[in-house]
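Per chain, numbering begins at 1; letters A, B, ... match sequence-line order. Keep in mind the model is a prediction, meaning the values are calculated, not measured.
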Number of protein chains: 2
Amino acid sequence: MAALAGVSTGTASKALNGRGAMRPETRLRVQQAADQLGFVVNAAARSLQTGRTYTVGMITTDTIGRFSIPLLIGAEDALGAGQMSVFLCDARDDPIREQYYLRTLLGRKVDGIIVTGRRTQARAPIGADLPVPVVYAFISSTDPQDCSVVPDEADGARRAVRHLLDTGRRRIAHVTGPEHHHSAQVRAAAAAAEWELAAPVLYGEWTEAWGRQAAGMLLAGGIDFDAVLCGNDQIARGVAEGLREAGRDVPRDVALVGFDNWDVMVDACRPSLTSVDMDLEGIGRTAAELLLAAINGAPAHGQRARPCRLVPRESTAAGFVAPRNGEPRNGEPRNSEPRNGERQPPETW
Amino acid sequence: MAALAGVSTGTASKALNGRGAMRPETRLRVQQAADQLGFVVNAAARSLQTGRTYTVGMITTDTIGRFSIPLLIGAEDALGAGQMSVFLCDARDDPIREQYYLRTLLGRKVDGIIVTGRRTQARAPIGADLPVPVVYAFISSTDPQDCSVVPDEADGARRAVRHLLDTGRRRIAHVTGPEHHHSAQVRAAAAAAEWELAAPVLYGEWTEAWGRQAAGMLLAGGIDFDAVLCGNDQIARGVAEGLREAGRDVPRDVALVGFDNWDVMVDACRPSLTSVDMDLEGIGRTAAELLLAAINGAPAHGQRARPCRLVPRESTAAGFVAPRNGEPRNGEPRNSEPRNGERQPPETW
DNA sequence: AACTTTCAGGAAAACGATTGCCTTGACGCT
DNA sequence: AGCGTCAAGGCAATCGTTTTCCTGAAAGTT
């Protein structure tokens with residue numbers, strides 16, 4: 001024990017933790033002795049005494065996937081800076097596992113819990129009257145008193161539309177995922193509210209295959225469009241391929257915007273894909289910071305939506321298309337509701 | 001405290017842990033009282049006494065990425081079954097962070113540590129004379145005494161070649177990543193040793209763009225090939241596109257095998273891509289099991305290579321190509337060294 | 001010079017479980 | 001009846017810290 005370097009254990013503790021009054025000389029002596037012996041405080045003993053473990057649990061409700069990772073990294077980053085360690089729990093969408101993990105985390109006396117996961121809708125709270133604060137990241141809790149941090153997907157869709165408008169596009173089509181999927185709905189609604197779409201929203205799957213198919217449908221339907229806003233990057237890539245194979249040039253004839261800014265997709269796409277980034281890492285970081293605040297006695301409540309970011313690439317390269325009908329090049333996008341009456345869906349739909 | 005249900009804390013402890021002698025009736029009474037009160041043992045207090053924390057640390061040396069996730073899941077799975085919790089540490093390829101995490105993990109008295117990460121080569125041991133067992137997963141340690149679990153990439157390449165041979169292909173080209181990359185070397189060498197390649201190995205990047213380019217090179221070089229074995233799935237997808245745009249049909253004219261079996265790539269590829277799966281989840285699980293064994297006093301040493309698995313899909317659909325020159329349809333692949341003298345690289349290379 | 005204040009550092013009681021040892025009472029044996 | 005044996009369960013030490021309170025000694029006050 002480091003106390004062998006001159007003082008009692010009590011004093012050594014104070015020295016290392018900056019408590020109590022003592023000569024600077026003594027404090028230094030203890031510290032030197034400590035790292036000479038490679039002394040590391042026993043976290044178990046400490047937490048037994050203090051009640052704090054400097055530990056948080058992170059439960060991913062569905063399996064750790066593409067979306068969870070940036071969240072994990074962001075949260076781990078913010079927590080690591082606060083000297084906290086993270087317990088990783090993968091509940092695989094299984095409520096039994098979830099509750100099992102919850103119990104072990106509570107047994108380990110974590111200071112707080114972050115719940116993440118991909119869902120089409122908000123989820124039920126993981127537990128009621130828990131003795132530790134909980135923050136939901138990416139997913140939100142149905143209890144409005146719970147603290148959730150989610151991406152502002154409507155904001156993302158608006159940014160995408162504005163970017164298309166700014167680069168001179170006016171006839172925007174929208175191809176996205178399943179209609180019952182919350183994200184698809186929100187994004188489509190926000191896009192339509194920002195600018196009247198050139199065609200009814202095409203709902204399908206979150207896949208490249210659907211993107212290719214949808215491109216074909218747009219072309220076959222005789223739609224007049226100079227841009228396609230896609231529900232995610234995979235769809236966008238599929239649309240890009242479909243258009244290219246039909247002889248349309250991206251971005252000259254049609255501009256393309258994806259959603260997710262998934263490096264694998266946006267870089268491999270030809271041309272490289274402009275996309276909306278939900279800043280998942282930032283969401284993870286924010287969630288962790290809110291959790292830290294809650295642990296320190298300043299709990300936050302309700303849902304926080306974080307803005308998205310548009311990352312422009314070649315698929316929306318500007319300068320090709322002249323503004324039509326004298327509309328201002330960087331004119332303010334309208335914010336009114338879409339004039340549904342003007343829509344003219346083609347027969348084939 | 002559960003002792004309020006009739007007995008002393010000592011007895012309660014024995015009851016819940018199945019120690020000591022006592023009437024079954026008493027034991028039951030304690031257990032009922034415990035979960036009536038929602039009693040969970042305080043892990044800190046327990047570990048302070050027993051010296052075990054039932055906790056392991058998992059350090060990813062590079063940032064958590066596509067390869068780490070299955071490893072994480074596999075390890076977490078095996079450990080969770082053993083009632084152990086996992087501390088996640090993302091060292092981001094920064095030796096300082098790595099050592100910092102190592103210290104905190106040791107302070108938390110983890111029972112063991114798993115080190116994972118993607119590297120081109122084996123890595124230096126994370127620490128010397130550590131008080132807890134360490135297992136390296138996916139990556140290997142330069143110290144032969146350390147325990148590492150890695151994929152048998154040569155095995156994977158051999159399986160791919162055999163599959164191509166089994167489906168009637170004989171003129172196999174190989175397109176892969178950077179020559180200095182260990183995986184590229186190993187896979188290429190194993191493939192070449194299994195069957196004489198139709199052309200010198202094409203080294204490049206791990207990208208689709210390189211795959212497309214390489215397809216063009218093969219065609220322009222006048223190489224006679226009926227199959228391409230690719231260093232990873234992205235390259236394979238690029239090759240598929242390149243071939244398709246040049247009018248070659250996959251799999252009729254050319255069969256294609258990828259490496260990694262990355263769902264996003266193999267499914268989106270046209271046609272869907274046959275690929276070699278390294279079973280990363282299995283590697284994570286094995287590593288965790290070896291760690292558990294080491295914790296229980298049966299440490300393993302040295303490097304374990306786990307076999308790969310070939311997942312056939314449309315890109316190697318058989319039945320199109322008749323065996324040439326009377327070679328047996330399912331003939332034994334030769335295992336001798338390639339006859340380098342027979343190679344005739346075209347001028348353009 | 002006697003008294004108060006201040007400061008450095010020690011002693012010991014927690015924290016919550018585990019566990020070896022001990023006590024108690026019931027029972028059986030002679 | 002007295003003694004030994006054994007099972008059931010209580011007692012208390014222990015793990016390694018933190019933290020409160022306390023003791024001396026040195027310094028300052030009048």
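In this structure, A:Arg19 reaches the D:dT19 phosphate: one of its side-chain N or O atoms is under 4.0 Å from OP1 or OP2. For the OP1/OP2 pair of D:dT18 and a distance below 4.0 Å, the side-chain nitrogens and oxygens of A:Asn17 include at least one atom meeting the criterion.
Salt-bridge check for A:Arg92 with A:Asp90: passed, with a basic side-chain N closer than 4.0 Å to an acidic carboxylate O.
The NZ-C1' distance, from A:Lys109 to C:dG16, rounds to 10 Å in whole Å. In this entry the distance linking CG of A:Leu48 with C1' of D:dT14 reads 12 Å, nearest Å. Atom pair A:Asn42:CG and D:dC15:C1' shows a separation of 8 Å (rounding to whole Å applied). Put simply, CZ on A:Arg46 is 13 Å from C1' on D:dT19, counting in whole angstrom units.
For the pair B:Asp35 (side chain) and B:Gly38 (backbone), a donor-acceptor distance under 3.5 Å is absent. The main-chain N or O of B:Thr116 is found under 3.5 Å from a side-chain atom of B:Thr61 such that the two form a donor-acceptor pair.
Side-chain contact check for A:Val150 versus A:Arg304: every heavy-atom pair is 4.5 Å or farther apart.
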Using a 4.0 Å cut-off on protein heavy atoms (strictly under), produce a 5'-to-3' string for nucleotides 8-14 of chain C with B for base contact, S for backbone-only sugar-phosphate contact, and - for none.
BSB---B
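Note on A:Thr50: only backbone sugar-phosphate atoms sit closer than 4.0 angstrom, heavy atoms only; bases stay farther off.
For the residue pair B:Thr286/B:Arg306, the side-chain donor-acceptor check at 3.5 Å is satisfied. Under the 3.5 Å distance criterion, with hydrogens and angles disregarded, a donor-acceptor pair is assigned to the side chains of B:Arg108 and A:Thr55.
With a 6.0 Å cutoff to the six-membered ring centre and a 45° limit on the axis angle, A:Arg52 counts as a cation-pi contact of A:Tyr54.
If one axis is set at each end of the helix from C:dA1-D:dT30 to C:dT30-D:dA1 from five pairs, those axes are 60° apart, to 10°.
The aromatic rings of A:Phe67 and A:Phe138 sit parallel to each other, their planes meeting at less than 30°, with 60° as the upper class boundary.
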